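Written out below as structure tokens is the structure these notes cover.
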Amino acid sequence: MKISNDYKFTKDELKEKIILVTGANRGFGRAITIDLAKAGATVIMLGRDLGSLEDTYDKVVKLNYQEPILYPLDLEGATPEHYAQLAKDTLNHFSKLDGLIHNASIVGSLMPIEQYDLKLWYSILQINLNAPFMLTQFLMPVLKKSSDARILFLSSDVGRNAKAYWGGYSVSKFAIESLSKILSEELENTNIRINSFDPGPMRTKMRSSVYPTENINNNPPPEYKSKSVVYLMSKASKNLNGEQLTLV
Ligand SMILES: NC(=O)c1ccc[n+]([C@@H]2O[C@H](COP(=O)([O-])OP(=O)(O)OC[C@H]3O[C@@H](n4cnc5c(N)ncnc54)[C@H](OP(=O)(O)O)[C@@H]3O)[C@@H](O)[C@H]2O)c1
């Protein structure tokens with residue numbers, strides 16, 4: 001299903017909402033964090049690099065948007081105990097969670113499966129798939145405390161159409177699509193709505209690492225696309241569940 005990026009939101013659109021964003025320090029995660037805070041949500045900013053997390057936090061505060069919370073965590077090394085602690089901290093601090101945005105991902109180098117680097121394969125599946133699975137499972141009881149919760153899985157065109165050389169990244173995004181669909185059916189009769197979302201090409205580090213010769217200015221900056229995520233966390237998108245969303 002296609003969605004557009006022309007959503008106009010008010011500054012109180014997501015007031016009282018608590019939303020966790022992974023990879024909130026830079027790229028699309030940073031843009032999403034800033035727009036969610038602009039719409040009044042309290043963002044739990046999860047990321048592994050404290051310096052850039054603080055930089056995004058400072059930007060939000062400087063703009064006078066809703067103050068976020070920093071949650072430093074490396075999703076590659078995180079264990080079930082870390083996720084249990086995160087769920088406990090969220091429950092103690094906020095009593096509920098209204099949104100969980102699985103944005104953090106790595107792509108690695110493109111290479112044929114025959115020569116695919118084993119360590120990279122494991123890292124990709126850990127960060128892009130196992131971490132979102134565990135985060136979702138541990139945070140589910142906290143999401144169920146919300147009256148209207150959302151889980152959003154960031155996906156990609158190669159998570160829907162496999163392409164040579166995209167290896168672990170493509171496999172991880174196909175699996176994310178499956179996880180999203182399974183969850184949307186299993187939780188159909190609850191307060192939680194689950195969708196996957198392909199934002200299309202953006203001017204980020206990930207894009208330039210895969211297309212080093214491309215003129216990066218040909219792609220829109222992530223701030224151009226993040227309003228769509230405010231829409232996907234808002235009441236306006238309440239009827240979307242189990243969809244494979246694509247930004248047009
Ligand atoms: N850019 C595109 O053109 C495009 C197109 C389609 C889909 N997407 C999807 O959109 C999402 C955001 O992509 P992006 O372009 O913003 O990528 P990006 O610029 O490479 O940012 C990736 C984010 O993930 C974080 N991350 C990576 N490994 C992590 C780990 N082990 N623990 C915690 N955080 C970790 C990074 O943190 P560090 O700063 O610490 O590395 C960074 O915040 C991804 O899911 C991607 O698949 C992007």
Side-chain angles (χ1 to χ4, degrees), residues 3 5 20-35 43-57 59 68 70-79 82-83 86 100-110 119-120 122-135 151-161 163 166-177 179-180 195-212 214-226 228-229 232 244-248:
I3 62 162
N5 193 39
L20 190 148
V21 180
T22 67
N25 55 312
R26 65 175 171 85
F28 197 38
R30 174 182 162 99
I32 292 171
T33 296
I34 293 170
D35 262 348
V43 180
I44 303 172
M45 298 174 58
L46 189 151
R48 64 180 164 182
D49 178 50
L50 187 58
S52 47
L53 275 176
E54 284 175 344
D55 185 69
T56 302
Y57 171 94
K59 169 98 182 168
L70 300 186
Y71 207 95
L73 188 65
D74 183 341
L75 294 174
E76 186 164 9
T79 62
H82 289 105
Y83 295 116
L86 170 59
L100 173 56
I101 302 176
H102 294 292
N103 165 77
S105 278
I106 60 166
V107 64
S109 309
L110 303 196
K119 191 173 172 306
L120 176 63
Y122 270 88
S123 294
I124 290 182
L125 291 190
Q126 191 63 19
I127 295 165
N128 298 9
L129 177 63
N130 297 336
F133 158 68
M134 287 189 276
L135 258 178
I151 303 175
L152 192 65
F153 292 96
L154 265 292
S155 188
S156 161
D157 58 342
V158 295
R160 295 170 185 171
N161 297 296
K163 247 200 246 172
W166 284 80
Y169 179 77
S170 175
V171 168
S172 73
K173 294 296 186 184
F174 262 84
I176 276 297
E177 293 286 353
L179 180 59
S180 177
N195 297 288
S196 69
F197 179 47
D198 171 15
M202 291 177 286
R203 199 183 302 165
T204 65
K205 209 165 162 183
M206 179 179 282
R207 179 78 193 184
S208 42
S209 75
V210 179
Y211 296 97
E214 177 185 69
N215 180 354
I216 191 74
N217 294 324
N218 290 346
N219 297 309
E223 305 80 61
Y224 179 76
K225 301 197 169 192
S226 44
S228 56
V229 178
L232 292 171
Q244 292 186 306
L245 305 166
T246 306
L247 191 64
V248 286

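These numbers come from a predicted model, not from an experiment. In listed order, ligands and their atoms are each counted from 1.
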| request: Starting from atom 16 (O) of ligand 1, locate the nearest protein heavy atom and write down its residue, its atom name and how far away it is, to 0.1 Å. | output: Phe28 N, 2.8 Å

| message | Residue-level breakdown please: for Leu73 versus ligand 1, do any non-hydrogen atoms fall below 4.0 Å on the side chain, on the backbone, on both, or on neither? | response | backbone

| remark: Residue, atom and distance of the protein heavy atom nearest atom 17 (O) of ligand 1 read Met206 CB, 3.4 Å

| task | For Ser155 and ligand 1, answer yes if some heavy atom of the residue is under 4.0 Å from a ligand atom, otherwise no. | result | yes

| note | Nearest non-hydrogen protein atom to atom 10 (O) of ligand 1, with distance, is Leu154 CD1, 3.8 Å

| said: A side-chain contact here means heavy atoms from C-beta on lying under 4.5 Å apart; do Ile106 and Glu76 qualify? | reply: no

| Got a sec, which pairs hit side chain to side chain donor-acceptor pair (under 3.5 Å) with one end in residues 47-57, sequence neighbours left out? | Asn25-Ser52, Arg30-Asp55, Arg30-Thr56, Asp49-Ser52, Tyr57-Glu67

| Closer than 4.0 angstrom: is that true for some heavy atom of Arg30 and an atom of ligand 1? | no

| message | Checking a contact table here: which protein heavy atom is nearest atom 47 (O) of ligand 1, and how many Å away? | response | Tyr169 OH, 2.5 Å

| said: Counting C-beta onward and ignoring hydrogens, is there a side-chain heavy-atom pair between Asn217 and Arg203 closer than 4.5 Å? | reply: yes

| request: If you have a sec, work out which protein heavy atom is nearest atom 48 (C) of ligand 1 and how many Å separate them, to one decimal? | output: Met202 CE, 3.7 Å

| request: Select one of side chain, backbone, both or neither to describe which atoms of Ile127 lie under 4.0 Å from any atom of ligand 1, heavy atoms only. | output: side chain

| N or O contact, Asp198 vs ligand 1, cut-off under 3.5 Å | no

| task | Would you check if the side chain of Thr22 reaches a backbone N or O of Asn103 as a donor-acceptor pair within less than 3.5 Å? | result | yes

| request: Using distance alone, determine whether Asn25 and ligand 1 share an N or O pair under 3.5 Å. | output: yes

| 4.0 Å heavy-atom contact, Ala131 with ligand 1 | no

| Test item, Pro222 contacting ligand 1 (heavy atom, 4.0 angstrom) | no

| task | Count the heavy atoms of every other residue, nucleotide or ligand shown that sit under 6.0 Å from OH of Tyr71, and state whether that count exceeds 12. | result | yes

| query | Under 3.5 Å between some N or O of ligand 1 and some N or O of Asp49? | reply | no

| remark: Looking only at protein heavy atoms, what sits closest to atom 12 (C) of ligand 1 is Asn103 OD1, 3.1 Å

| said: I'd like to know if Pro201 contacts ligand 1, where contact means a heavy-atom distance under 4.0 Å to any ligand atom. | reply: yes

| Is there a donor-acceptor contact under 3.5 Å from the side chain of Asn5 to the main chain of Ser228? | yes

| task | Starting from atom 21 (O) of ligand 1, find the nearest protein heavy-atom neighbour and note its residue, name and distance. | result | Arg26 NH1, 3.3 Å

| field | Those residues that, when tested against Phe174, pass side-chain contact (heavy atoms from CB on, under 4.5 Å) (two or more places apart) | value | Ala162, Ser170

| request: Answer with side chain, backbone, both or neither: which part of His102 has a heavy atom less than 4.0 angstrom from an atom of ligand 1? | output: neither

| request: Could you check atom 14 (P) of ligand 1 against the protein and tell me its nearest heavy-atom contact, residue, atom and distance included? | output: Thr204 OG1, 3.7 Å

| field | Nearest atoms (heavy-atom pairs only) where Gly200 meets Lys225 | value | C-NZ, 3.5 Å

